Amino acid sequence: MILIVDDRPENIFSLKTILDVHSFPTDSALSGEEALKKTLKQSYALIILDVQMPGMDGFEVAEVLSGNNHTKDIPIIFLSAASTDKKFITKGYSSGAIDYIVKPIDPDILLLKVKTFYKLYEQKRELNLVQESLRQEIEFRKRAEHQALEKLKELHSTLESIPQIAFTATADGEIDFVNEHWFEYTSSAKNFPPNHPDDRCIKKQWENSIATGTPLEMEVRIKKEGEDYRYHLVRAMPVKEENKIVKWVGSFTDIDEQKQASKRKDEFLTIASHELKTPLTSIKAYVQLLDMMISKEEKVKTYVDRTLLQVNKLDNLINDLLDISKIESGKLKFEMQELDFEKLLNTTIEALQQIHPDFNFVRKGKAAVNIKANDIRLEQVIINFINNAIRYAPESKEIHIISEIKNERLYFAVKDFGIGISQENLQNVFTKFFRVTETGAPIQGLGIGLYICAEILKRHNAEFGVESELGKGSAFYFSIPVIS
Ligand code: ADP
């Protein structure tokens, strides 16, 4: 839109007519003041401004326009009576595009100048539009970049806070972030920690995942400097955007405990079924013999005795298994009463001595004190300690049984001179299903006796433990407060 400013309507009319013919939209103002008001409300491509007007003249209008950010760039064509006015014009309006036409107006020159300015205006407007969309694009990209960076920071701090080893990689598999735990296993931030030579190679599996875009999941053994290999579950998942992999996020989780537990459980099941089967097979055989030899009386007793021995073994095994399930379900409960420990110990040892006449139970110390306990369960613990001493000391026939009072506590220990236990296994012997595998001699057992003892002793508020040296022997002990 072109604004024509002139105090004479007939001048406006003639200019408007020329411009209308060439399809330029126009607006008009009859004074400088009116023109200024209009420029505030509407934006114009060009102003044709009469210099000589009553009130504000053309120069004053141009000066005000040049001082306003909104209007300072509107081109102006001054209509002046003489070309000498030009120097005033330049002075008044130096920042915007200006030109002048001397009256009387030559329509061709006017049109030429209007067309030029209009074209300039259009080009500038287009340029502005391009600039604006560019600015918006830059702004958008900056914001997106900032958001992506924030997200990445958040991901990295999450990965730093988890107990696992964590890493991220680019779409083509290059590791670009690792958390602190990573460096416990390797000093390289770019390569996977080396895995056990017998396991599948992490790098190869990783390359395969990258090539096929499928998640990585494998179990491998890796180790910290100076420590043993431990099983880890390695997982890496692709992160997709618009169905395209943009990143990989992965972790190593230590699953060694679970692995060992499941191995122990499997071993336990194998041993358990075997252990249950052996006495049963014997029972079956002896009963079959009994059946056949029922007539030869003198042999009957031997076989019945042997049958009973095996039945007792089976009974003990089954009782242990039942105890385990009672412990698991929180149902191992028993009554406590005041009892004389020395008396309980004497009867227990007497019974054991009868079963194992070839063993020398050496009594040390004396503890004729009263304690609060469950006699059957505490006897079970004593029998277990002594039976283990017998089983795990096959070469020696001597077992020391110590009972004494120390710091108002009853202290009891069973010491053998057998195979002993290595330091690394010591802490595990009271754990469920734990058996030392490198005993050498094939000593049968389920690894549950000491676990049950520990549970019983805990319920007696007892302190307990084991001292041992590999190849020299072990001492299993407990202590319980005495009743004064
Ligand atoms: P198990 O029936 O297998 O003997 P326990 O719970 O009684 O189960 O013992 C757990 C493990 O502790 C045993 O398998 C054995 O390796 C070790 N152990 C127990 N007592 C002794 C001991 N007196 N000397 C050496 N090792 C022992």
Side-chain angles (χ1 to χ4, degrees), residues 260-261 263-279 309-310 312-328 332 348-349 352 355-356 358-362 364 377-402 412-459 462 464-478:
Q260 302 300 340
K263 206 171 127 205
R264 283 205 294 273
K265 188 198 74 196
D266 292 345
E267 281 168 6
F268 170 77
L269 287 177
T270 316
I271 298 168
S273 41
H274 182 76
E275 292 273 306
L276 289 170
K277 189 131 186 73
T278 314
L309 190 77
Q310 297 297 335
N312 281 337
K313 267 193 182 180
L314 191 59
D315 195 40
N316 287 339
L317 264 174
I318 291 167
N319 280 341
D320 275 359
L321 287 172
L322 285 175
D323 279 350
I324 287 268
S325 55
K326 277 186 197 157
I327 292 169
E328 302 284 79
L332 185 75
T348 313
I349 293 173
L352 282 169
I355 306 170
H356 304 283
D358 49 338
F359 271 84
N360 183 13
F361 297 130
V362 182
K364 298 207 159 190
R377 289 299 181 176
L378 203 61
E379 185 184 44
Q380 186 179 346
V381 174
I382 297 169
I383 293 175
N384 221 302
F385 281 7
I386 297 176
N387 269 340
N388 276 356
I390 294 169
R391 289 160 64 222
Y392 293 101
E395 308 290 320
S396 123
K397 293 280 171 219
E398 190 170 300
I399 290 166
H400 292 183
I401 295 163
I402 303 137
F412 171 78
V414 175
K415 189 169 166 46
D416 67 58
F417 304 91
I419 60 172
I421 303 161
S422 68
Q423 293 305 306
E424 66 188 75
N425 285 325
L426 264 191
Q427 68 205 53
N428 293 321
V429 290
F430 289 98
T431 318
K432 189 168 45 170
F433 305 144
F434 180 85
R435 304 204 72 230
V436 179
T437 42
E438 69 271 14
T439 47
I443 300 165
Q444 289 181 343
L446 296 177
I448 53 176
L450 287 178
Y451 170 69
I452 296 169
C453 290
E455 290 298 316
I456 292 172
L457 289 169
K458 277 185 212 162
R459 282 163 175 74
F464 59 91
V466 54
E467 283 162 10
S468 185
E469 205 178 322
L470 202 59
K472 298 230 166 115
S474 316
F476 282 83
Y477 63 86
F478 66 75

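This is a predicted model, so every value here is computed, not measured. Start at 1 and go down the list; that is how both ligands and their atoms are numbered.
For ligand 1 and Gly445, the ligand atoms under 4.0 Å from any heavy atom of the residue are 1 (P), 2 (O), 3 (O). The Gly420 neighbourhood of ligand 1 comprises atoms 25 (C), with distances under 4.0 Å to a heavy atom of that residue. Heavy-atom proximity to Arg391, at under 4.0 Å, picks out these atoms of ligand 1: 1 (P), 2 (O), 4 (O). Atoms of ligand 1 lying under 4.0 Å from any heavy atom of Asn388, numbered from 1 in the order shown and given with element: 4 (O), 7 (O), 19 (C), 20 (N), 23 (N). Close contacts of ligand 1 with Phe476, meaning ligand atoms under 4.0 Å from a residue heavy atom, involve 19 (C), 20 (N), 21 (C), 22 (C), 23 (N). Ligand 1 places these atoms under 4.0 Å from at least one heavy atom of Ile448: 6 (O), 8 (O). Within ligand 1, counting atoms from 1 as listed, the ones closer than 4.0 Å to a heavy atom of Val436 are 14 (O), 16 (O). Contact atoms of ligand 1 toward Phe434: 10 (C), 11 (C) (distance under 4.0 Å to a heavy atom of the residue).
Distance check: Asn388 CG to Ile383 CD1 gives 12.0 Å after rounding to the nearest 0.5 Å.
Leu446 is not listed as a side-chain neighbour of Asp320, based on a closest heavy-atom distance of 4.5 Å or more. Within the 4.5 Å cutoff, the side chain of Val414 has no heavy atoms near those of the Ile382 side chain. When side chains are defined from C-beta on, Ile327 counts as touching Tyr451, because their heavy atoms get closer than 4.5 Å.
The closest approach between Phe430 and ligand 1 stays at or above 4.0 Å for every heavy atom of the residue. Look at Ser474 and you'll find a heavy atom under 4.0 Å from some atom of ligand 1.
The shortest N/O to N/O separation between Leu450 and ligand 1 falls below 3.5 Å. For ligand 1, the polar-atom distance check finds an N/O of Gly447 within less than 3.5 Å of one of the ligand's N/O atoms. Looking at Tyr451 next to ligand 1, no N or O pair under 3.5 Å apart turns up.
Tested against Phe385 for a ring pair (Phe, Tyr, Trp, His ring centres under 6.0 Å), the candidates Tyr392, Phe476, Phe464, Tyr477 yield a single pass: Phe476.
Only the backbone of Leu446 comes within 4.0 Å of ligand 1, judged by heavy-atom distances.
Relative to atom 17 (C) of ligand 1, the option among Asn387, Ile452, Val429 with the closest non-hydrogen atom is Val429. Between Asp416, Val466, Ile421, Asn425, it is Ile421 that holds the heavy atom closest to atom 25 (C) of ligand 1.
Scored by the side-chain hydrogen bond (donor to acceptor under 3.5 Å, both in side chains) test, Asn428 finds no partners at all (sequence neighbours excluded). For Lys313, the salt bridge (Lys or Arg N to Asp or Glu O under 4.0 Å) criterion is met by no residue, not counting sequence neighbours.
A donor-acceptor contact under 3.5 angstrom links the side chains of Asp323 and Gln380, judged on distance only.
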Please test Ser468 against Leu426 for side-chain contact (heavy atoms from CB on, under 4.5 Å), starting from the C-alpha separation and ending with a verdict. CA-CA 8 Å; Ser468 185; Leu426 264 191; 3.8 Å; yes
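Classified by interplanar angle (parallel below 30°, tilted 30° to 60°, perpendicular above 60°), the ring pair Phe359/His356 is perpendicular.
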